[in-house]
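Predicted, not measured: the structure shown is a model, and the values here were computed from it. By convention here, the first residue in the shown sequence is residue 1. When reading the values below, keep in mind they use all heavy atoms of this one structure, side chains included, and skip hydrogens, waters and symmetry mates.
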Amino acid sequence: QVQLVESGGGLVQPGGSLRLSCVASGRTRSIDAMGWYRQAPGKGRELVAGITFRDGPNYADSVKGRFTISRNNAENTLYLQMNNLKPEDTAVYYCNAHASFGPVEAPMESDYWGQGTQVTVSS
């Protein structure tokens, strides 16, 4: 299994910044992609930013230029630096890890989720 624990959420005024962290434990060697998702009240869970072990990061259009996703493989930690926050960024943010187990020819795939951390942007 893979366990994910997020932290760093909180209340911030528009234009402020927050840095989210996600610490992965367990079978971290099996992780081949990680990302940040968010879910606002009344809305579905959407991808904010993602990164794989081979490719560079990708971002939702709404956060490009403001958010930066990064990872520290040695620490098994994923980060999301959020700058110039807007009220529409208010949501519960979830860390996701995609893992592949077994042979490369026929892997078993699984997604793991953290417990979520609340980000509230309000005046």
Legend entry - Spacing of Q115 atom CD and S7 atom OG [to the nearest 0.5 Å]: 8.5 Å
Inset, instruction - Answer yes or no: is there a side-chain heavy-atom contact under 4.5 Å between V23 and Q3? - result: no
Legend entry - Nearest-0.5 Å distance that lies between atom CZ in R71 and atom SG in C22: 13.0 Å
Legend entry - Any Y79 side-chain heavy atom under 4.5 Å of R19 side chain: yes
Legend entry - Contact summary for V92 and Q118, nearest pair of heavy atoms: CG2-OE1, 3.2 Å
Legend entry - Note, R38 side chain near E46 side chain (heavy atom, < 4.5 Å): yes
Inset, instruction - Indicate yes or no: at least one non-hydrogen side-chain atom of S100 is less than 4.5 angstrom from one of M108. - result: no
Legend entry - Hydrophobic cluster of L18, others only, ordered by chain and residue number, side-chain cut-off 4.5 Å: V2, L4, V12, L20, I31, M34, W36, V48, I51, Y59, V63, F67, I69, L78, L80, M82, L85, Y93, F101, Y112, V119, V121
Inset, instruction - For the pair Q13 (side chain) and S122 (backbone), establish whether a donor and an acceptor sit closer than 3.5 Å, ignoring hydrogens and angles. - result: no
Inset, instruction - Check T117 against G9 and note the closest heavy-atom contact, atom names and distance. - result: OG1-N, 3.1 Å
Legend entry - Backbone of S25 reached by a side-chain donor or acceptor of T28 within 3.5 Å: no
Legend entry - Contact check, side chains of K86 and P14, non-hydrogen atoms, under 4.5 Å: no
Legend entry - Under 3.5 Å: donor-acceptor pair, side chain of E6, backbone of G116: yes
Legend entry - Y94 side chain reached by N96 side chain, heavy atoms, under 4.5 Å: no
Legend entry - Residues, nucleotides or ligands: over 12 heavy atoms within 6.0 Å of Q1 CD: no
Inset, instruction - Working to the nearest 0.5 Å, report the span between OG of S21 and CD of Q81. - result: 9.5 Å
Inset, instruction - Report yes or no: do L47 and W113 belong to one cluster of Ile/Leu/Val/Met/Phe/Trp/Tyr joined by side chain heavy-atom distances under 4.5 Å? - result: yes
Inset, instruction - Taking atom types as modelled, find out whether N72 and T77 have a side-chain donor-acceptor pair closer than 3.5 angstrom. - result: no
